[in-house]
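Right, one structure below, let's go through it.
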Amino acid sequence: MPDVKEFSSSEVSFCLNLIVENVRGYHIRNLLLDSSKSVIEVEDEAYRAITTKFALDLTGTHLKKLARVVTDDAAREERSARVSEELRQEVDLPIEFRNFATKEEAMDWLLSK
């Protein structure tokens with residue numbers, strides 16, 4: 001995942017749009033996002049807006065499962081969980097979503113039936 005900083009929000013949007021277009025264009029059903037080393041340096045509202053747009057854009061694809069590799073930053077993961085929960089309450093997303101500590105765990109889940 002790209003770093004999310006105030007000065008690069010347009011770059012982040014561009015990168016996330018590329019992911020969505022590839023998921024759509026190649027009919028991808030399972031997606032692994034590695035957030036383990038990405039940096040988030042924006043206010044909650046901006047982070048929430050970026051995340052919401054990304055999630056809504058993915059709903060228009062064939063995606064069924066999305067796995068995310070988490071960071072070691074507990075405060076960041078708490079923030080991410082809060083935004084994800086708010087998003088789930090507002091929007092009925094047809095995509096299964098789970099967080100994982102490692103890529104291997106994420107891949108095992110994505111490849112399971």
Side-chain angles (χ1 to χ4, degrees):
M1 291 297 294
D3 292 341
V4 181
K5 298 181 180 182
E6 213 53 63
F7 63 86
S8 68
S9 62
S10 63
E11 293 168 4
V12 171
S13 294
F14 177 77
C15 290
L16 295 178
N17 285 335
L18 280 177
I19 293 170
V20 170
E21 289 306 314
N22 280 288
V23 167
R24 182 176 290 118
Y26 291 101
H27 304 286
I28 294 171
R29 294 172 131 354
N30 299 322
L31 180 63
L32 172 64
L33 298 177
D34 185 354
S35 298
S36 62
K37 301 204 181 350
S38 62
V39 176
I40 307 292
E41 293 179 352
V42 294
E43 297 296 321
D44 280 356
E45 275 308 306
Y47 178 66
R48 188 174 187 284
I50 291 167
T51 303
T52 300
K53 182 180 181 329
F54 183 56
L56 290 174
D57 288 348
L58 286 173
T59 62
T61 70
H62 290 95
L63 193 67
K64 299 294 179 203
K65 291 171 123 180
L66 189 144
R68 177 178 168 267
V69 180
V70 300
T71 68
D72 292 333
D73 183 344
R76 177 162 161 223
E77 289 309 315
E78 181 181 317
R79 179 185 191 193
S80 177
R82 186 177 63 249
V83 169
S84 293
E85 185 56 34
E86 290 171 2
L87 182 59
R88 287 179 201 211
Q89 289 176 3
E90 291 176 16
V91 180
D92 183 28
L93 297 174
I95 301 166
E96 282 186 77
F97 172 77
R98 289 195 191 166
N99 287 310
F100 295 91
T102 67
K103 288 180 189 177
E104 292 76 18
E105 293 171 334
M107 286 300 295
D108 286 345
W109 177 71
L110 287 171
L111 296 174
S112 70
K113 298 251 177 189

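Along the sequence shown, residues carry numbers from 1.
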**Item:** Check: L58 main-chain N/O paired with T61 side-chain donor or acceptor under 3.5 Å
**Value:** yes

Is L93 reachable from L33 through a run of I, L, V, M, F, W or Y residues, each pair having side-chain heavy atoms under 4.5 Å apart? no

Are V23 and I50 joined in one hydrophobic group, where the rule is that I, L, V, M, F, W and Y side chains link up if heavy atoms are under 4.5 Å apart?
yes

Shortest non-hydrogen pair, L18 vs N22, comes out as O-ND2, 2.8 Å

**Prompt:** Are T102 and M107 close enough that some pair of their side-chain heavy atoms sits under 4.5 Å apart?
**Reply:** no

TODO: Spell out, as yes or no, whether a donor-acceptor pair under 3.5 Å connects the side chain of S112 to the backbone of W109.
DONE: yes

The reported gap from CD in E77 to CZ in R82 (rounded to nearest 0.5 angstrom) is 12.0 Å

(Q) With heavy-atom distances below 4.5 Å as the criterion, would you say the side chains of K65 and L31 are in contact? (A) no

_Salt bridge or not between D57 and R24? Use side-chain N to carboxylate O under 4.0 Å._
no

Tightest non-hydrogen contact, residues P94 and T59, listed as CD-CG2, 3.7 Å

Can you check whether H62's main-chain N or O pairs, donor with acceptor, with R29's side chain at less than 3.5 Å? yes

So, the side chain of N30 versus the backbone of L110: is there a donor-acceptor pair under 3.5 Å, distance only?
yes

Rounded to the nearest 0.5 Å, the CD1 atom of I28 sits from the CG atom of L66 at a distance of 11.0 Å

Does the structure place the NZ or CZ of R68 under 6.0 Å from the centre of the six-membered ring of F97, at an angle of no more than 45° from the ring's axis?
no

ask   = Is the closest side-chain heavy-atom distance between D108 and F100 below 4.5 Å?
value = no

Under the 3.5 angstrom rule, does the side chain of K53 hit a backbone N or O of N17 as a donor-acceptor pair? no

- Query: What about L32 and V20, same hydrophobic cluster or not, with Ile/Leu/Val/Met/Phe/Trp/Tyr joined at side-chain heavy-atom distances under 4.5 Å?
  - Reply: no

dist I95:CD1 -> L63:CG (nearest 0.5 Å) comes out at 4.5 Å

Does some side-chain heavy atom of F54 sit less than 4.5 Å from a side-chain heavy atom of S13?
no

Could you check whether atom CD of E85 has more than 12 heavy atoms from other residues, nucleotides or ligands sitting under 6.0 Å from it?
yes

- side-chain contact (heavy atoms from CB on, under 4.5 Å) assessment of K37 paired with T71: CA-CA 7 Å; K37 301 204 181 350; T71 68; over 6 Å; no

Does a salt bridge link E96 with K64, judged by any charged N lying under 4.0 Å from a carboxylate O? no

Tightest non-hydrogen contact, residues V70 and A101, listed as CG2-CA, 4.1 Å

For D73 and A75 the tightest heavy-atom approach is OD1-N, 3.1 Å

Next on the checklist: Is it true that S38 and R76 share a donor-acceptor pair across their side chains at a distance under 3.5 Å?
Outcome noted: yes

dist S80:OG -> N99:CG (nearest 0.5 Å) comes out at 6.0 Å

Is L111 reachable from Y26 through a run of I, L, V, M, F, W or Y residues, each pair having side-chain heavy atoms under 4.5 Å apart?
-> no

